[in-house]
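In what follows, a structure is listed as structure tokens, so that the remarks can point back to it.
Reminder, nothing fancy here: chain letters follow the sequence lines and each chain counts from 1. Values below: every heavy atom of this structure, side chains too, minus hydrogens, waters and symmetry copies.
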Number of protein chains: 2
Amino acid sequence: MFGILHSQTNLLMSISAFLLTLVPFTKEELEDILSHFKKETVSKNKVLVSQGDICNYLYFLEEGMARSYYLNDSGKEITQWFFGVGKFMTSADSFFQQTPSLYYLETLEDCILYSISKSQIDMLFDKYPKMEKLGRLATTEMLTKIVNKLNAIQFQTARERYEYMLAEFPDIAYHVPLGHIASYLGMTQETLSRIRKNNSQK
Amino acid sequence: MFGILHSQTNLLMSISAFLLTLVPFTKEELEDILSHFKKETVSKNKVLVSQGDICNYLYFLEEGMARSYYLNDSGKEITQWFFGVGKFMTSADSFFQQTPSLYYLETLEDCILYSISKSQIDMLFDKYPKMEKLGRLATTEMLTKIVNKLNAIQFQTARERYEYMLAEFPDIAYHVPLGHIASYLGMTQETLSRIRKNNSQK
DNA sequence: GATATCATTTGACCAATATCAAATAATGAA
DNA sequence: TTCATTATTTGATATTGGTCAAATGATATC
């Protein structure tokens, strides 16, 4: 079968470009802030944080994709969120409250990450009020996105939820295993498979 | 039938007590901050913000209860969140981005509210880094609660979702119309009625 | 390239919950 | 109190999506 071409937007987003979209840091501030992030490359399917760990780092995803997931009562992996290029990623509760993480964080592709520890970012929060603003704005954005997902999950049919997925994560939807998406959307992979089949026939 | 006694905890929570649980403001800071909030009493079933309005105020709920809701495609009211004593309430997106609100805000009981405008709170954000921290912490708390709801909605049966409601909003669950709760939990009110019946028989 | 492993698709059947309609109960206004 | 209105409950039936099992397809390793 001839494949459908899926757009590959946003292959890369530098952390400084991203920070500047939220808050107008000066060159000096930005340099100081960035000096506390550590660049690392991580290969595909690596678990960065396990359920029960304290999540010690906040990550910025310059390249690649990742997900958070947890194990439900039957031990099945439930994808909780996808992270794409140009996004912050962490197990938020665990990182900010320094409590055991409820989630795993796992790369889904080879990734280039910038990481920062809790103590370092707290130091930056104290040093720069603009960093508090950044934190607030980033959190507010996440809140909005989660509310969107909630509305999709709560009131839409399985097919409509898949359409939400395509809209929210266009880069990711065609590049990760079906089962990850199905559990993210709260349906079985059999159901998602049937939806995809019907969509492609239309 | 003899009614079950439902606990009435947290009948009142002062705004200063609440702020101090999140950030250690000094007496002077607190006084300055509170001077920008305006106390108002609002009677039951008043709409504070309508869908399409810009939400101009952030409210703190000292007494009473309220909800946010929207109208779905069929024009049915869907409760999106409940707000109880000691909580901040606003149409977050609309207030912070000054965009038309997707939601209505409506009191469910007579309320005592403290309101503050966007420009005033922005002024406080600029004046006090601790206010940015307050904003970040309050938003993070909200984020955690919404993730909880999402997990309940996504993976639990109708009965388990109702149990989540009782745990998250014990003060509210027995004091608002059934239909508000049913739409909040993503089920019909017939289903919720049957669940309550079964629970009371156990 | 052959084979083992893992991911996806397909089919048959079932359970949970929605829908629609009507009866009953509760509430509030005159 | 009485009546009108609104909220809740109940019953019958329909539908969506889940479960289980098996077949097919894709991928990676030797």
What is the distance, rounded to the nearest whole Å, between atom [atom1] of [X] and atom [atom2] of [N]?
| X | N | atom1 | atom2 | value |
| --- | --- | --- | --- | --- |
| A/Gln154 | C/dA18 | CD | C1' | 15 Å |
| A/Gln156 | C/dA18 | CD | C1' | 17 Å |
| A/Arg159 | D/dT15 | CZ | P | 17 Å |
| B/Met187 | C/dA16 | CE | P | 14 Å |
| B/Phe155 | D/dT19 | CZ | C1' | 17 Å |
| A/Glu190 | D/dT16 | CD | P | 18 Å |
| B/Asn198 | D/dG11 | CG | P | 12 Å |
| A/Lys76 | D/dG18 | NZ | C1' | 10 Å |

Counting side-chain heavy atoms from C-beta on, which of [options] comes nearest to [X]?
| X | options | result |
| --- | --- | --- |
| B/Thr157 | C/dT17, C/dC20, D/dT8 | C/dT17 |
| B/Pro177 | C/dT17, C/dT8, D/dT8 | D/dT8 |
| A/Leu178 | D/dT8, C/dT8, C/dT17 | C/dT8 |

Ignoring backbone atoms, establish whether [X] has a side-chain N or O less than 4.0 Å from OP1 or OP2 of [N].
| X | N | result |
| --- | --- | --- |
| B/Thr191 | C/dA18 | yes |
| A/Thr188 | D/dG17 | no |
| A/Lys197 | C/dT9 | no |

Under the 3.5 angstrom rule, does the side chain of B/Thr107 hit a backbone N or O of B/Ser43 as a donor-acceptor pair?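 At least one qualifying donor-acceptor pair exists.
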Indicate yes or no for a side-chain donor-acceptor contact from B/Ser101 to the backbone of B/Asp53 under 3.5 Å, with no hydrogens or angles considered. no
A/Thr139 OG1 to B/Leu137 CG distance, which is reported to the nearest 0.5 Å: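 Taking OG1 in A/Thr139 and CG in B/Leu137, the distance rounds to 9.5 Å.
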Are the charged groups of A/Glu29 and A/Lys130 less than 4.0 angstrom apart, N to O?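 Yes.
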Assuming nearest nucleotide by heavy-atom distance, tell me which of B/Gly179 and B/Arg194 is located more 5' along DNA chain D.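 Here B/Gly179 is the residue nearer the 5' end.
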Assign the ring pair B/Trp81 / B/Phe169 to parallel, tilted or perpendicular, where the plane angle (0 to 90°) is split at 30° and 60°.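 B/Trp81 and B/Phe169: perpendicular rings.
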